[in-house]
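See below for the structure under consideration.
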Amino acid sequence: MNKGHQSQTPTLSKETLTNEPILKDFNARILYFLQNAQYAEAEKLSDWLISNTIKPIFEATFYLGVALQFQGKIERALTTFNKALKLNPQHIDLIQAIASCLDQLKRFDESEAQLLVAHKIAPEDAGILANLGSISEKLQKADKALSYYDQALAINPKTYVAMLNRGALLANMGMQLQALAHCRIAHQIHPESIGTLYNLVDALLGVFKYQEA
């Protein structure tokens, strides 16, 4: 591993940690750990940085939440993300991270509410629309889910979550031929995806095309 990113926590005064270049360097180290799936190291360093600074730091708090979530510490991640939200209430990735934690905790109504906040801030974000579709399915709102997926794909036809989920949703709604047509397109766009292949085979079976399946 790059020696410049070892996780040993230095001894620095809180006053020193108000220096922007030093803070930027620490945040870069935490991000390095996250990008390399070294989540325990990212947690350790971001936690140390937060504890040793005079003022709250958005980046380190957000990164700590990410590190916790990837380690399955969902309740702590949610608490941390909510602290970060007080520092930057318009941050789209943060709001979606909160929605994701709530989803993992099966608090679907609250997750939907957070995604709607994100959608209000960024109405043309296809990813947010696709996630709204996904959470709508979990809330048994099939028509609304389909609408969200359609909106997402109108903005970006390659939106993976919408491409993956829309075909299965159509099939579950009894629209087998539409599901098959969608699943063919989805697998053409994402041929590397096991999910789109599975949905295509399932859609073919759904219209009795056993040989092609």
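Everything numeric here is computed off the predicted structure, so don't read it as measured data.
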In the structure I gave you, are the side-chain heavy atoms of [X] and [Y] within less than 4.5 Å of one another anywhere?
| X | Y | answer |
| --- | --- | --- |
| Phe58 | Leu94 | yes |
| Thr80 | Gln69 | no |
| Arg184 | Leu204 | yes |
| Asn165 | Ser134 | yes |
| Leu23 | Leu49 | yes |

More than 12 foreign heavy atoms under 6.0 Å from CZ of Phe108: is that the case here? yes
Parallel, tilted or perpendicular: which one describes the rings of Tyr148 and His119, with boundaries at 30° and 60°? perpendicular
Taking the six-membered ring of Tyr32 (Phe, Tyr or Trp), confirm whether the NZ or CZ of Arg29 is under 6.0 Å from its centre and within 45° of its axis.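 No.
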Could you give all pairs that pass the salt bridge (Lys or Arg N to Asp or Glu O under 4.0 Å) test and reach residues 77-104, with sequence neighbours left out? Asp103-Lys138
Who pairs with Lys144 by salt bridge (charged side-chain N to carboxylate O under 4.0 Å, His left out), at least two apart in sequence or on another chain? none
Kindly compute the distance separating NE2 (His190) from OG1 (Thr196), expressed to the nearest 0.5 Å. 7.5 Å
Please step through side-chain hydrogen bond (donor to acceptor under 3.5 Å, both in side chains) for the pair Tyr160 and Ser193, ending with a clear verdict. CA-CA 9 Å; Tyr160 179 72; Ser193 169; 2.7 Å; yes
Pair Arg76 + Glu43, salt bridge at N-O below 4.0 Å: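 A salt bridge is present here (some side-chain N lies under 4.0 Å from a carboxylate O).
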